[in-house]
Amino acid sequence: MKEFEEAVARVAEKAGLPLDLARGAVAVPKERDRGDLSLPCFPFAKALGQPPPAVAARVAKAFAPDEWLVSAEAQGPFVNFRVNRKAFTERTLPAAGPESGRSAEGNGKTIVIDYGSPNLAKPLLFHHLRSAVIGQALSNLFRWRGYRVVGLNYLGDVGTALGKLMVGIEASGEPRTIDEYKRTYVEGSRACAADPAKMDRARHWAKRLEEDDPEAIRHWEKARALSLRAFGEVYDRLGVRHDVVDGERMYVRRAQELVDRLLRDGKAEESEGGVVIPTGGETPFLVRKSDGTTLYGTRDIVAAIDRFERFGFERMLYVVDVAQEQHFRQLFASLANVGLDWAGRCEHVAFGQVLVGGSRAKTREGESVELIDVLREGEKRALAVVEEKNAALKDKESVARAVGTAAVIFCDLGFPIRKNIHFDWDEILSFDGRTGPYLQYVHASACSILRKGGGAPAAWDASRLSHDLEWDLVRRIAELPAAVGRAAAECEPSHLSSLLYDLAREFRSYHTAGARDATLRVLTDDAATRAARLKLTDAVRTTLAVGLRLLGIEPLEEM
RNA sequence: GACCCCGUAGCUCAGAUGGAUAGAGCGGCGGUUUCCUAAACCGCAGGUCGUCGGUUCGAAUCCGGCCGGGGUCGCCA
């Protein structure tokens, strides 16, 4: 909290150190029992011509207790301060409400987030999870910071994959259900792999679709409607929502027009039978193939322009696999090179890949697992645990579904997104340890205490929270706004998930300490202590709930 | 070959702006349930932070070389 850090800086100033340098030096000790705030004195040593320990001693000597700080102790080259716990607690706990971490920093700014990007007529596979879940968390985080967010799903709805589906349709007739579509696609895809003539046929269909051939469009429309329904089932479970659903096909015509215009304006040039945009440092960006058709990258340029015109964004994030880093570097360089001054507003939020047995899961070889199957299996396993642990619970099915989903989501958001994920059923669907279900569990146990204790009291006395375990929790709760801010600023939800896990673990530790020592129980006999502890428990509960919702995980009251 | 990422405990990974004894989870071993949810908690074992060098009062963190792994490198998306 700002006031307390400022108080430390002012002590340093009193000792004759430069105020702005002191402000930047204030830190939180890594070992929390050393103190609440610290001042490493190395930066001042040179300016004052004194060794750091001497500076530290000098600062400690200049200290006098005030309403913010109660003690200062020089320990070697550091000065460690203890804050006025009562004052800090009285500010922290009331702030931990349902609006915790919210800010207005993004007011008036629009951010477009492109996440999901499934392909038509193909099921969502496990590795599609990442873009959707990370993108949704970023949407939530930026909305919480006051931005207007446009969550955009950009469908892969052109290209030879669609052609392969058509080949399947020609062989086995028009599919009626999603499962039939899936089978038809796989059949068509296999046929094309085995027979070059079929592959040509698929390319032919793809071209017809690009040329707005009515029959091709009719198939496309049906495939689109059914696919969206199938995607919707998965997205609903994951809490993934989009504001806009676009697709590549809407840009095919404009892509050709763009290439013509760029050629006329001298922004693009012919090369080896195709057309490229020079990108400076990067490899030239191919925007038209020698057969005259455009590529997805061409459509990406048109899409970016279209989105800028439609939404007037301050920033646009592409939440896409790290393997496409070079593509996006080329894309952004191309946007800049054709003279779009807002090119710098586009960013690639790159996440790691899903590995199966050490190497990348490939969609085409069918190595990956269907996402819906993972979610169903998670629900099944969670239901078995619920039956075992809490058979009397009502609504077991929906709890099990929430728990299974939480496990899957936390695999994506519990660690820095750039890390690869090793696919393993038991790892993905683990409910033990540092997992989504653990966070739900701790939240549920806090809810349980509050139910038994009659909820959070209106009046409470912060000085009753005198135990170190309680102080740890208060400090942790105070970190939420900064964690949310940093998660959004760095597009890194794990800054938030890490804090939630630390908070949950410390609360659980506190909770079980009450089992060994009855004087530490929240629901203790002394009314004033009980009220203060209930307030603390409620702040923990609320902080977990707010954080989990931002991650897209449902906080459960019972499980 | 070029460019990008990565290398921390048996396994999977945390360690923002360089700072005081490098931390979790899983797995292993040993404890804890007449007590607010044991999906938990407490304890123990386990690390030359790939390697060599540099910058610095101080390096897992910054810079360079090397070794090892992954990714990408215009006519797929």
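Letters A, B, ... are given to chains in the order of the sequence lines, protein chains preceding strands, and every chain is numbered from 1. Because the structure is a prediction, the values reported are computed rather than measured.
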Look at the side chain of [X] and decide which nucleotide, out of [options], has an atom nearest to it.
| X | options | value |
| --- | --- | --- |
| A/Asn80 | B/C42, B/A20, B/A39 | B/A20 |
| A/Glu272 | B/C36, B/A40, B/C75 | B/C75 |
| A/Arg516 | B/C75, B/C42, B/A20 | B/C42 |
| A/Lys389 | B/A38, B/G15, B/G74 | B/A38 |
| A/Ser290 | B/U37, B/A40, B/C75 | B/C75 |
| A/Arg508 | B/G74, B/U37, B/C76 | B/U37 |
| A/Tyr438 | B/A39, B/A20, B/C41 | B/C41 |
| A/Thr283 | B/A39, B/C41, B/C73 | B/C73 |
| A/Asn119 | B/C13, B/A20, B/A77 | B/A77 |
| A/Val276 | B/G15, B/C36, B/G74 | B/G74 |

With rounding to whole Å, what would you report as the distance between [N] and [M] at their [atom1] atoms?
| N | M | atom1 | answer |
| --- | --- | --- | --- |
| B/C63 | B/U55 | P | 15 Å |
| B/U51 | B/G43 | C1' | 36 Å |
| B/A9 | B/U48 | P | 9 Å |
| B/C3 | B/C49 | P | 29 Å |
| B/G54 | B/A16 | C1' | 25 Å |
| B/A59 | B/A22 | P | 14 Å |
| B/C62 | B/G18 | C1' | 7 Å |
| B/G25 | B/A40 | P | 10 Å |

Where do N or O atoms of nucleotides 25-29 of chain B meet protein N or O atoms at under 3.5 Å, pair by pair?
none

Looking only at side-chain N and O atoms, does [X] come under 4.0 Å of OP1 or OP2 in [N]?
| X | N | answer |
| --- | --- | --- |
| A/Ser509 | B/C42 | yes |
| A/Ser445 | B/U37 | no |
| A/His422 | B/C13 | yes |
| A/Lys452 | B/U37 | yes |
| A/Tyr441 | B/A39 | yes |

Parallel, tilted or perpendicular, as decided by the 30° and 60° cut-offs, for the rings of A/Phe423 and A/Trp425:
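Perpendicular, since the angle between the ring planes exceeds 60°.
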
Kindly say whether [Y] contributes a backbone atom to a donor-acceptor pair with the side chain of [X] at under 3.5 angstrom?
| X | Y | value |
| --- | --- | --- |
| A/Thr435 | A/Tyr438 | yes |
| A/Ser445 | A/Val442 | yes |
| A/His443 | A/Leu556 | yes |
| A/Thr298 | A/Val287 | yes |
| A/Asn119 | A/Lys122 | no |

Only stems of 3 or more consecutive Watson-Crick or G-U pairs count here, both distances under 3.5 Å; name the ones for RNA chain B, or none.
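Expected stems, ordered by start: B:1-7 with B:67-73, B:10-13 with B:23-26, B:28-32 with B:40-44, B:50-54 with B:62-66.
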
Roughly how many Å is it from CZ in A/Phe423 to C1' in B/U12, rounded to a whole number?
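Going from CZ in A/Phe423 over to C1' in B/U12 covers 15 Å.
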
Residue pair A/Thr293 / A/Lys207, side-chain heavy-atom distance below 4.5 Å:
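SC-SC contact between A/Thr293 and A/Lys207 confirmed.
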
Side-chain heavy atoms of A/Arg401 within contact of A/Thr405, under 4.5 Å:
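The answer is yes; the side chains approach within 4.5 Å.
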
Residue mapping more 5' on RNA chain B - nearest nucleotide basis, A/Lys289 or A/Val385:
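Nearer the 5' end of the strand: A/Val385.
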
A/Gly24 or A/Val158: which one's nearest nucleotide on RNA chain B is closer to the 5' end?
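Mapping each residue to its closest nucleotide by heavy atoms, the 5'-most match is A/Gly24.
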
Under the salt bridge (charged side-chain N to carboxylate O under 4.0 Å, His left out) rule, what do A/Glu325 and A/Arg418 come out as? Steps first, then yes or no, please.
CA-CA 12 Å; A/Glu325 248 172 353; A/Arg418 208 172 168 91; 3.0 Å; yes

Let me confirm one number: the CD-CZ distance from A/Gln353 to A/Arg130, rounded to the nearest 0.5 Å.
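Taking CD in A/Gln353 and CZ in A/Arg130, the distance rounds to 10.0 Å.
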
Of all pairs that satisfy ring-ring contact (aromatic ring centres under 6.0 Å, His included), the ones with a partner from residues 274-297 of chain A, not counting sequence neighbours:
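Every pair satisfying ring-ring contact (aromatic ring centres under 6.0 Å, His included) with a residue in residues 274-297 of chain A: A/Phe285-A/His327, A/Tyr296-A/His327.
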
Set out, line by line, the N/O atom pairs under 3.5 Å between protein and nucleotides 3-7 of chain B.
| from | atom 1 | to | atom 2 | distance (Å) |
| --- | --- | --- | --- | --- |
| B/C4 | O2' | A/Glu325 | OE1 | 3.3 |

Pick base, sugar-phosphate or nothing for [X], based on heavy-atom distances below 4.0 Å to the nucleic acid.
| X | value |
| --- | --- |
| A/Glu31 | base |
| A/Arg299 | sugar-phosphate |
| A/Pro77 | nothing |

In B/G68, glycosidic geometry as syn within 90° of 0 or anti otherwise:
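In terms of base orientation relative to the sugar, B/G68 is anti.
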
Which pairs with one or both residues in residues 32-41 of chain A pass side chain to side chain donor-acceptor pair (under 3.5 Å), sequence neighbours excluded?
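The answer is A/Glu31-A/Arg34, A/Arg32-A/Glu479, A/Arg34-A/Gln75, A/Asp36-A/Trp471, A/Asp36-A/Arg475.
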
Between protein and nucleic acid, restricted to nucleotides 57-60 of chain B and to nitrogen or oxygen atoms under 3.5 Å apart, what atom pairs and distances do you find?
none

Closest non-hydrogen atom pair between A/Ile553 and A/Ala406, with its separation:
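Smallest heavy-atom distance, with atoms named: CG2-CB, 3.7 Å.
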
Aromatic contact between A/Tyr115 and A/Tyr154, with the criterion being ring centroids under 6.0 Å apart: yes or no?
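Distance test on ring centres: not under 6.0 Å, no.
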
When the aromatic ring centroids of A/Phe415 and A/Phe351 are compared, is their separation below 6.0 Å?
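No, they do not, as the ring centres are separated by 6.0 Å or more.
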
Working note: A/Glu492 + A/Arg486, criterion salt bridge (charged side-chain N to carboxylate O under 4.0 Å, His left out); need CA distance, chi angles, decisive distance, verdict.
CA-CA 8 Å; A/Glu492 184 51 86; A/Arg486 204 175 150 209; over 6 Å; no

